[in-house]
Protein chains: 2
Amino acid sequence: MTITPERILEAFKQKGLRVTGPRRTLACLLVETVGSDFTIEELWDMVLKRDPAIGRATVFRAVEILQELQLLDRVEFSNGSHRFRFCHEAGQHHHHATCSSCGKVIEVPTCLSAEQLATVSRVANFTVEGHRLEFFGRCANCRV
Amino acid sequence: MTITPERILEAFKQKGLRVTGPRRTLACLLVETVGSDFTIEELWDMVLKRDPAIGRATVFRAVEILQELQLLDRVEFSNGSHRFRFCHEAGQHHHHATCSSCGKVIEVPTCLSAEQLATVSRVANFTVEGHRLEFFGRCANCRV
DNA sequence: ATGGTTGCAAACTTTTTGCACTTCG
DNA sequence: CGAAGTGCAAAAAGTTTGCAACCAT
């Protein structure tokens with residue numbers, strides 16, 4: 001199940017959103033970025049190379065939508081900064097390990113168990129609807 | 001073990017940092033905020049009421065240090081925003097559940113097991129040095 | 001046609017920086 | 001005294017907004 005621009009555009013349609021030129025351009029670009037991460041500024045720069053007429057706001061707006069569609073992941077780093085990433089596992093629940101030395105991002109399937117989530121609900125008297133989990137450390141290359 | 005301004009200032013000293021007027025003011029203020037959360041702007045406003053001479057940059061710099069000292073927690077919300085919080089559990093490892101309706105923050109002790117962390121290390125070929133875990137959902141008051 | 005979408009530019013929010021002055025130790 | 005810390009103001013990042021024109025459907 002490789003991700004294609006069509007899949008992304010289909011997701012827009014199913015949300016009742018239109019398929020437009022800028023969105024098409026973005027979809028094509030994003031599938032090529034799989035496995036790498038970027039800031040919105042960097043994404044905009046990439047977009048400009050394909051269509052210099054696209055505005056920055058359009059990119060910000062598209063990123064917001066793609067996050068809601070769960071297609072684009074926001075990756076948090078230990079220093080509090082964040083980058084975006086169109087993951088191999090796009091659409092699948094997963095988390096990220098980020099190297100505090102080189103910034104490498106690794107997709108990891110590890111997650112909390114149902115029991116652990118139930119425990120949170122109980123002790124916090126809280127309905128858990130979602131969570132975010134990030135691992136920080138050092139990748140194989142940056143190990144000492 | 002109640003937290004006191006002295007404890008905070010002591011932590012500064014042990015890091016080789018000086019105890020200054022602004023830091024004293026901040027320490028006193030922070031122990032009174034335990035259990036509530038704030039933005040840096042809000043913190044600065046509170047600081048100004050005690051000493052109108054303190055600059056914004058000083059507050060930003062102090063917040064950065066207090067985070068490194070693990071005394072001040074940065075709480076992330078589901079919408080991507082964040083606030084700071086001087087927790088009851090200051091210094092103890094814990095996480096947060098935030099209500100996406102009213103913004104309430106609940107401190108929770110639930111965490112990953114050693115096995116789960118070991119699994120991440122193994123599958124990602126990655127030395128895990130830290131992690132961040134946030135729960136999103138609805139608190140008792142905002143439940144439908 | 002018609003309402004969602006876009007580009008632009010300006011406004012905004014949040015955080016950082018350089019530097020002369022101050023203050024702790 | 002000397003280095004760390006501070007206040008200020010300006011600048012840098014990062015993001016949002018209003019609106020007239022545009023274009024999918």
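Proteins come first, then strands; the chains are lettered A, B, ... in the order of their sequence lines, and each starts at number 1.
Within the model, atoms CE of M46(A) and CD of E41(A) stand 11.0 Å from one another, a figure rounded to the nearest 0.5 Å.
Protein chain A contacts DNA chain D over a range whose 5' and 3' limits, counting nucleotides with an atom under 4.0 angstrom from a non-hydrogen atom, are dT15(D) to dT25(D).
Using a 4.0 Å cut-off, some side-chain N or O of T58(A) falls inside it from OP1 or OP2 of dG7(C).
A heavy-atom distance below 4.0 Å to DNA chain C is reached by none of the residues of residues 72-87 of chain A. DNA chain C lies under 4.0 Å from at least one heavy atom of each of the following residues of residues 59-69 of chain B: F60(B), R61(B).
The overall bend of the helix from dA1(C)-dT25(D) to dG25(C)-dC1(D), read as the angle between its terminal helix axes built from five base pairs each, is 40° when rounded to 10 degrees.
Applying the ring pair (Phe, Tyr, Trp, His ring centres under 6.0 Å) test to F84(B) and every residue at least two apart in sequence or in another chain returns H82(B).
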Let's go through R50(B) and E32(B) carefully: what are the C-alpha distance in whole Å and the side-chain angles of both, what is the deciding distance for salt bridge (Lys or Arg N to Asp or Glu O under 4.0 Å) to 0.1 Å, and is it a yes or a no? CA-CA 13 Å; R50(B) 308 207 174 189; E32(B) 296 172 26; 2.7 Å; yes

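Within 6.0 Å of CD in Q70(B) there are 12 or fewer heavy atoms belonging to other residues, nucleotides or ligands. Residue E64(A) places its CD atom among 12 or fewer non-hydrogen atoms of other residues, nucleotides or ligands, all under 6.0 Å distant.
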Assign a letter to each nucleotide of nucleotides 20-25 of chain C from its 5' end: B, base within under 4.0 Å of a protein heavy atom; S, sugar-phosphate only; -, no contact. ---BBS

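Pairing each heavy atom of S78(B) with each of T98(B), the nearest pair is N-OG1, 4.5 Å. The two residues A27(B) and I8(B) make their nearest non-hydrogen contact at O-CD1, 3.7 Å.
Of the residues L29(A), V31(A), D37(A), the one that meets the side chain to side chain contact (heavy atoms under 4.5 Å, CB included) test with T33(A) is L29(A).
Counting any heavy atom pair closer than 4.0 Å across all strands shown, R23(B) reaches sugar-phosphate atoms only and no base atom.
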